[in-house]
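What follows is a short report on a single structure.
These values consider heavy atoms only, across backbone and side chains, with no hydrogens, waters or symmetry-generated copies. A, B, ... follow the sequence lines: proteins, then strands. Residue 1 opens every chain. The shown structure was predicted, so the numbers you read here are calculated from the model rather than taken from an experiment.
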There are 2 protein chains.
Amino acid sequence: MRISARTQYALRAATELAAAPPGPVPAEKIAVSQNIPRRFLDNILLQLRRAGLIHSQRGPDGGYWLARPAEEITLADVIMVVEGSPEHSRHGGYPGVAGPLADVWSLLREHEETLLTEITLAHITKDASRRPPRR
Amino acid sequence: MRISARTQYALRAATELAAAPPGPVPAEKIAVSQNIPRRFLDNILLQLRRAGLIHSQRGPDGGYWLARPAEEITLADVIMVVEGSPEHSRHGGYPGVAGPLADVWSLLREHEETLLTEITLAHITKDASRRPPRR
DNA sequence: CACCTAACCGACTTATTAAGTAGGAATTAG
DNA sequence: CTAATTCCTACTTAATAAGTCGGTTAGGTG
């Protein structure tokens with residue numbers, strides 16, 4: 001299970017926003033506290049904003065903040081933005097005896113999706129070691 | 001959840017061996033029936049052999065066969081060989097509030113490992129839509 | 001208005017990994 | 001000997017990830 005740096009950065013940045021007191025948080029601050037390359041982060045935040053996940057404000061005392069309460073933003077929400085559409089990878093329909101392998105990928109993908117859709121940014125800032133609701 | 005072509009090829013090849021009647025199966029046959037680039041497959045089979053997962057025989061009527069019964073080779077066995085050691089990816093210990101994110105990756109990795117360790121080649125050749133034992 | 005801060009933007013470069021190829025050498029059956 | 005088939009290293013190419021650059025635009029403050 002591979003998770004790109006970009007995805008991790010996005011999640012960490014979002015978490016940072018979720019944990020911050022109300023009001024704009026400048027990218028610079030996030031970059032420093034999460035140790036993320038500044039320019040790269042700009043890039044990512046821009047993408048999150050375009051997707052409507054966060055809002056922004058320019059100028060002095062500007063920055064970013066979550067568009068919705070942290071309880072209503074799931075990890076999957078963030079991931080889908082930065083990784084793009086699932087793009088239905090082609091492990092559907094292997095030849096002959098290998099056919100059933102595809103079912104295994106489905107199972108895995110399904111579980112992953114379920115989990116990431118259940119966990120919100122609020123869960124993370126609170127404490128992710130505590131499991132998410134109803135499993 | 002990304003699965004490399006190499007990994008998929010390895011699994012499909014192994015499945016092919018599991019499904020074949022006893023005796024050596026030439027690489028060429030696997031390449032054709034699973035539609036895998038021949039040279040690349042050679043490469044992969046070599047790796048599986050070196051890891052002791054399959055045996056081989058050269059010369060006419062040579063080929064490959066499983067080193068152990070299909071019931072005793074899990075998907076994880078095959079995957080670990082071709083993907084190399086897990087290499088403990090560095091999503092351990094994020095700064096500050098993002099720390100708990102690591103727990104999520106752990107959960108996912110754990111589940112994935114569990115599932116892949118439960119499913120054997122025999123399950124695949126039999127029918128993977130039927131779930132593996134005790135979940 | 002001047003000036004500073006910080007977001008905005010597309011294109012570009014570099015590093016890493018994946019995917020596949022090449023060219024043979026070594027074995028073994030017949 | 002010959003043909004089949006594995007064995008082996010190294011190489012090339014394609015794709016993706018990661019990060020950089022050079023600015024532009026908007027907003028607040030004195």
Report the distance from atom [atom1] of [X] to atom [atom2] of [N], rounded to the nearest whole Å.
{"X": "A:R6", "N": "D:dT20", "atom1": "CZ", "atom2": "C1'", "result": "13 Å"}
{"X": "B:R2", "N": "D:dT16", "atom1": "CZ", "atom2": "P", "result": "8 Å"}
{"X": "B:F40", "N": "D:dT13", "atom1": "CZ", "atom2": "C1'", "result": "13 Å"}
{"X": "B:Q47", "N": "C:dA19", "atom1": "CD", "atom2": "C1'", "result": "13 Å"}
{"X": "A:L41", "N": "C:dC9", "atom1": "CG", "atom2": "C1'", "result": "15 Å"}
{"X": "B:N43", "N": "C:dG24", "atom1": "CG", "atom2": "C1'", "result": "15 Å"}

Test B:H123 against B:T120 for side-chain hydrogen bond (donor to acceptor under 3.5 Å, both in side chains), laying out the working first. CA-CA 5 Å; B:H123 289 129; B:T120 68; 3.2 Å; yes
Can you tabulate the close N/O pairs, meaning under 3.5 Å, that link protein atoms to atoms of nucleotides 4-7 of chain D?
unit_1: D:dT5; atom_1: O4'; unit_2: B:G59; atom_2: O; d: 3.3
unit_1: D:dT6; atom_1: OP1; unit_2: B:A27; atom_2: N; d: 2.6
unit_1: D:dT6; atom_1: OP2; unit_2: B:R38; atom_2: NH2; d: 2.9
unit_1: D:dT6; atom_1: O3'; unit_2: B:S56; atom_2: OG; d: 3.4
unit_1: D:dT6; atom_1: O2; unit_2: B:R58; atom_2: NH1; d: 3.0
unit_1: D:dC7; atom_1: OP1; unit_2: B:R49; atom_2: NH1; d: 3.2
unit_1: D:dC7; atom_1: OP1; unit_2: B:S56; atom_2: OG; d: 2.3
unit_1: D:dC7; atom_1: OP2; unit_2: B:Y64; atom_2: OH; d: 3.0
unit_1: D:dC7; atom_1: O4'; unit_2: B:R58; atom_2: NH1; d: 3.0

Below 3.5 Å, can you tabulate the donor-acceptor pairs from side chains in residues 44-66 of chain A to any protein atom, sequence neighbours excluded?
unit_1: A:Q47; atom_1: OE1; unit_2: A:R6; atom_2: NE; d: 3.2
unit_1: A:Q47; atom_1: OE1; unit_2: A:R6; atom_2: NH2; d: 2.6
unit_1: A:Q47; atom_1: NE2; unit_2: A:V81; atom_2: O; d: 3.4

Identify, with sequence neighbours excluded, every residue that meets side-chain contact (heavy atoms from CB on, under 4.5 Å) alongside A:E71.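 Once residues adjacent in sequence are excluded, the partners of A:E71 under the side-chain contact (heavy atoms from CB on, under 4.5 Å) criterion are A:P69, A:A122.
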Set of residues satisfying side-chain hydrogen bond (donor to acceptor under 3.5 Å, both in side chains) with respect to A:T74, sequence neighbours excluded: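 Counting only residues at least two positions away or on another chain, A:T74 forms a side-chain hydrogen bond (donor to acceptor under 3.5 Å, both in side chains) with A:D77.
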Set of side-chain hydrogen bond (donor to acceptor under 3.5 Å, both in side chains) partners for B:S4, sequence neighbours left out: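 If we apply the side-chain hydrogen bond (donor to acceptor under 3.5 Å, both in side chains) test to B:S4, skipping adjacent residues, the hits are B:T7.
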Check residues 30-40 of chain A and write down every donor-acceptor pair under 3.5 Å in which the side-chain atom is one partner and the other belongs to a residue at least two apart or another chain.
unit_1: A:S33; atom_1: OG; unit_2: A:E16; atom_2: OE2; d: 3.2
unit_1: A:S33; atom_1: OG; unit_2: A:K29; atom_2: O; d: 3.1
unit_1: A:Q34; atom_1: OE1; unit_2: A:R12; atom_2: NE; d: 2.9
unit_1: A:Q34; atom_1: NE2; unit_2: A:E16; atom_2: OE1; d: 2.7
unit_1: A:Q34; atom_1: NE2; unit_2: B:P95; atom_2: O; d: 3.0
unit_1: A:R38; atom_1: NE; unit_2: A:D42; atom_2: OD1; d: 3.2
unit_1: A:R38; atom_1: NH1; unit_2: A:E28; atom_2: OE1; d: 3.0
unit_1: A:R38; atom_1: NH2; unit_2: A:D42; atom_2: OD1; d: 3.0

Taking only the side-chain nitrogens and oxygens of A:Y9, find out if one of them lies under 4.0 Å from OP1 or OP2 of D:dA18.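 So the side chain of A:Y9 is outside the cut-off, no N or O lying under 4.0 Å from OP1 or OP2 of D:dA18.
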